[in-house]
Amino acid sequence: QVQLVESGGGLVQAGGSLRLSCAASGRTFSSYRMGWFRQAPGKEREFVTAISGSGSSTYYADSVKGRFTISRDNAKNTVYLQMNSLKPEDTAVYYCAADLDPKHSATPRSYEYWGQGTQVTVSS
């Protein structure tokens with residue numbers, strides 16, 4: 001089992017940057033596929049990006065490709081989401097997720113463990 005705690009959210013102007021962090025408990029962090037999802041008010045939770053356990057493979061939603069970067073530091077049990085060129089439509093609660101199944105999937109149900117979420121608000 002793994003517990004996830006996100007941090008780094010906040011209020012930023014359009015065009016600005018934020019870096020989210022997700023700290024995981026446990027000794028087998030590198031075994032987990034990690035993902036970031038987001039959910040805006042009144043909308044379904046949507047896939048943002050994911051990274052394999054080793055960090056060698058990454059996946060992005062088209063809406064964030066070229067602006068967001070996912071990375072992980074397995075020695076620190078932490079996954080990061082660097083968000084640049086933020087837009088008002090990026091406003092949402094951002095969730096970190098983890099799963100032991102190494103096969104990539106962009107569906108929320110493919111992830112077993114979830115953090116509490118961190119709010120990101122981008123003002124125009």
Side-chain angles (χ1 to χ4, degrees):
Q1 190 170 357
V2 63
Q3 293 183 325
L4 306 172
V5 179
E6 303 98 334
S7 61
L11 174 64
V12 64
Q13 288 189 332
S17 298
L18 280 175
R19 188 175 85 153
L20 305 183
S21 299
C22 173
S25 64
R27 296 176 294 176
T28 59
F29 179 67
S30 61
S31 299
Y32 288 86
R33 166 173 56 101
M34 302 296 296
W36 287 96
F37 290 76
R38 66 186 181 186
Q39 188 166 17
K43 295 189 176 181
E44 293 186 352
R45 192 166 298 189
E46 67 172 0
F47 171 77
V48 176
T49 180
I51 189 168
S52 61
S54 66
S56 61
S57 299
T58 57
Y59 309 87
Y60 295 93
D62 288 343
S63 59
V64 306
K65 205 170 292 184
R67 299 188 299 122
F68 290 11
T69 302
I70 189 171
S71 62
R72 65 190 298 161
D73 185 337
N74 286 341
K76 295 183 178 180
N77 282 17
T78 302
V79 63
Y80 304 98
L81 178 60
Q82 178 67 44
M83 304 185 294
N84 299 328
S85 303
L86 282 161
K87 305 175 181 180
E89 51 263 44
D90 293 318
T91 295
V93 177
Y94 282 70
Y95 297 91
C96 174
D99 198 87
L100 281 172
D101 186 345
K103 184 178 179 181
H104 168 63
S105 173
T107 60
R109 70 180 67 181
S110 73
Y111 287 84
E112 182 172 4
Y113 303 104
W114 291 84
Q116 298 277 19
T118 185
Q119 176 71 47
V120 171
T121 303
V122 184
S123 64
S124 58

Which atom names give the shortest non-hydrogen contact between [X] and [Y], and what distance separates them?
X      : Y      : value
Trp114 : Pro108 : CZ2-O, 3.3 Å
Glu46  : Arg38  : OE2-NE, 2.6 Å
Ser110 : Thr107 : OG-O, 2.7 Å
Asn84  : Ser17  : OD1-OG, 2.9 Å
Ala50  : Tyr111 : CB-OH, 3.5 Å
Ser124 : Ala14  : CA-CB, 4.4 Å

Item checked: Working for side chain to side chain contact (heavy atoms under 4.5 Å, CB included), residues Leu86 and Phe68 -> CA-CA 9 Å; Leu86 282 161; Phe68 290 11; 3.8 Å; yes
Notebook entry, point to check: Is there a side-chain contact between His104 and Ser52 (heavy atoms, below 4.5 Å)?
Noted result: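 No, too far: nothing below the 4.5 Å cut-off.
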Next item on the list: Flag the pair Val120 / Met83 as yes when at least one side-chain heavy-atom distance between them is below 4.5 Å, and no otherwise.
Entry: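 Yes, side chains in contact.
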Note to self: Test of understanding: with salt bridge (charged side-chain N to carboxylate O under 4.0 Å, His left out), list the residues that count as partners of Arg33, not counting sequence neighbours.
What the structure shows: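 By the salt bridge (charged side-chain N to carboxylate O under 4.0 Å, His left out) rule, Arg33 matches Asp99.
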Could you state the interatomic distance from [atom1] ([X]) to [atom2] ([Y]), rounded to the nearest 0.5 Å?
X      : Y     : atom1 : atom2 : result
Ile70  : Met34 : CD1   : CE    : 7.5 Å
Ile51  : Tyr60 : CD1   : OH    : 7.0 Å
Glu6   : Cys22 : CD    : SG    : 5.0 Å
Cys96  : Tyr80 : SG    : OH    : 11.5 Å
Gln116 : Leu4  : CD    : CG    : 10.0 Å
Phe29  : Asn74 : CZ    : CG    : 5.5 Å

Next item on the list: Sort out for me which residue in Tyr95, Phe47, Tyr94 forms a ring-ring contact (aromatic ring centres under 6.0 Å, His included) with Phe37.
Entry: Phe47
Please answer whether the main-chain N or O of [Y] pairs with a side-chain N or O of [X] as donor and acceptor at a distance below 3.5 Å.
X     : Y     : value
Asn77 : Gly26 : yes
Ser30 : Gly53 : no
Thr78 : Lys76 : yes

Notebook entry, point to check: Is the Lys NZ or Arg CZ of Arg72 less than 6.0 Å from the centre of Tyr32's six-membered ring, within 45° of the axis?
Noted result: no
Give the cluster check for [X] versus [Y]: same hydrophobic cluster or not, with ILVMFWY residues linked at side-chain heavy-atom distances below 4.5 Å.
X      : Y      : value
Tyr113 : Trp36  : yes
Leu20  : Tyr59  : no
Val12  : Val64  : yes
Val2   : Leu100 : yes

Next item on the list: Decide side chain to side chain contact (heavy atoms under 4.5 Å, CB included) for Gln119 and Leu11; before the verdict, give the C-alpha distance in whole Å, the side-chain angles of both, and the deciding distance to 0.1 Å.
Entry: CA-CA 8 Å; Gln119 176 71 47; Leu11 174 64; over 6 Å; no
Margin query: Is it true that, when you exclude Gln3 itself, more than 12 heavy atoms of the residues, nucleotides or ligands shown sit nearer than 6.0 Å to its CD?
Written below: no
Checklist line | By side chain to side chain donor-acceptor pair (under 3.5 Å) - contacts of Ser25 (at least two apart) | finding: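 Residues passing side chain to side chain donor-acceptor pair (under 3.5 Å) with Ser25: none at all.
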Next item on the list: Would you mind checking if Asp62 and Lys65 are paired as a salt bridge, meaning a charged N to carboxylate O distance below 4.0 Å?
Entry: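 Looking at Asp62 together with Lys65, the answer is yes, because their closest N to O distance falls below 4.0 Å.
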